[in-house]
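Working notes, beginning with the structure itself.
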Amino acid sequence: MEWANETLVTEFVFLGFSSLAGLQRLLFAVFLLVYLFMLGTNVVIVSTIVLDRALHTPMYFFLGVLSCSETCYTFVIVPKMLVDLLAQKKTISFLGCAIQMFFFLFLICSHSFLLAAMGYDRYVAICDPLRYTVLMGFGVCMGLVAAACACGFIISLATTSMIFHLPFHSSNKLHHFFCDVSPVLKLASHQSYLNQLVIFVLGVFVLVIPLLLILVSYVLIISAILKIPSSVGRYKAFSTCASHLIVVTVHYGCASFIYLRPKSNYSSSQDTLISVSYTILTPLFNPMIYSLRNKEFKSALQRAMTHTSYSIN
């Protein structure tokens, strides 16, 4: 009843870069260049994987899906952020905020489970190479991707519904550059302990369970690699996993810092900085880590470019 005369929040105002007012045009130019480069590299990766039959393997199938996933979740965040860097009024409607959060969580949660599927792929490739093509057939790969998307959809729907059914009557000043869980939850007029617990448990499920599956995969992978007699063989086996390990470390490190720390340790400035890393910088470096330093992929890219140039001529 105490909220009866208070105005419901109908829009949110982003304050993520408000302390850098004098640098916003520079940030716009830098982020736009980074975003365009990231889009370009992901288009190149997906196109090369589709065009070159030598890359029609489970590892590159998952890499193509990962590139699509990163392209989609940056599309949910970055274009709006770029517009806001040049706009005087940096607002988003209540419904628009809910939609942005839903799609971001759906894609980022699916991304986590997809990394776990890629860990399983590396485990089968190294620990059971003779049955690799059977165990990682196209149907299995599609099933793993579908399961990752289904988990992401359910968790995103549950989290977004729970947050946006809370009352928002007080401030609409969002200390972030997009509608993420912690900044929006902080603005709710009332939060029950049960809501906070359920959201925390969902975060644990998304981050901890896939990470544990990846760790188990790599314990088995390392034990198998150590049994390889030649140092060259061990190096080749581990090099196929190094890129995945780097991406996993960055992804789960950033996400755990954002979503699994106690609410009392919440810092909007820290969250903004870390969020920039996993919404802009990580998708920029992932294609280079995974593909552009990979000899097999670079050979396929050269073949694709040669074939394209012949077709044009």
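Quick note: residue numbers are just sequence positions, from 1. Heavy atoms only: backbone and side chains are in, while hydrogens, waters and symmetry mates are out. Here the structure is a predicted model, which is why all the values come from computation and not from measurement.
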Can we call the ring centroids of Tyr123 and Tyr218 under 6.0 Å apart?
no
Tightest non-hydrogen contact, residues Ala148 and Phe113, listed as CB-CB, 3.6 Å
*Checking Arg234 side chain against Leu226 main chain: does a donor-acceptor pair fall under 3.5 Å?*
no
Over 12 foreign heavy atoms within 6.0 Å of CZ, Phe103:
no
Separation between CG (Leu86) and CE (Met81), nearest 0.5 Å, reads 10.5 Å
dist Phe31:CZ -> Thr74:OG1 (nearest 0.5 Å) comes out at 13.0 Å
Within the 6.0 Å centroid threshold, strictly below: Phe164 and Phe94: yes
**Item:** Any donor-acceptor pair under 3.5 Å from Tyr252 side chain to Ser112 backbone
**Value:** yes
Taking Cys109 and Cys151, which are both Cys, do their SG atoms fall under 2.5 Å of each other?
-> no
Salt bridge (charged side-chain N to carboxylate O under 4.0 Å, His left out) pairs touching residues 58-87, sequence neighbours excluded, are Lys80-Asp84
Worksheet item: Are the side chain of Ser69 and the backbone of Val65 linked by a donor-acceptor contact shorter than 3.5 Å?
Response: no
Heavy-atom nearest pair, Phe17 first then Leu27, reads CD2-CD1, 4.1 Å
What one should report as the nearest heavy-atom pair of Lys173 and Leu15 is CB-CD1, 3.6 Å
Of all heavy-atom pairs linking Leu66 and His111, the shortest is CD1-CE1, 3.1 Å
Rounded to the nearest 0.5 Å, the CG atom of Leu85 sits from the CZ atom of Arg25 at a distance of 10.5 Å
Looking at Leu115, is its backbone amide N or carbonyl O close enough to the side chain of His244 to form a donor-acceptor pair, meaning the two atoms are under 3.5 Å apart? yes
Q: Classify the ring geometry between Tyr60 and Phe297 as parallel (under 30°), tilted (30 to 60°) or perpendicular (over 60°).
A: parallel
Check: Okay, side chain of Asp180, backbone of Ser182: is any donor-acceptor separation there less than 3.5 Å?
Finding: no
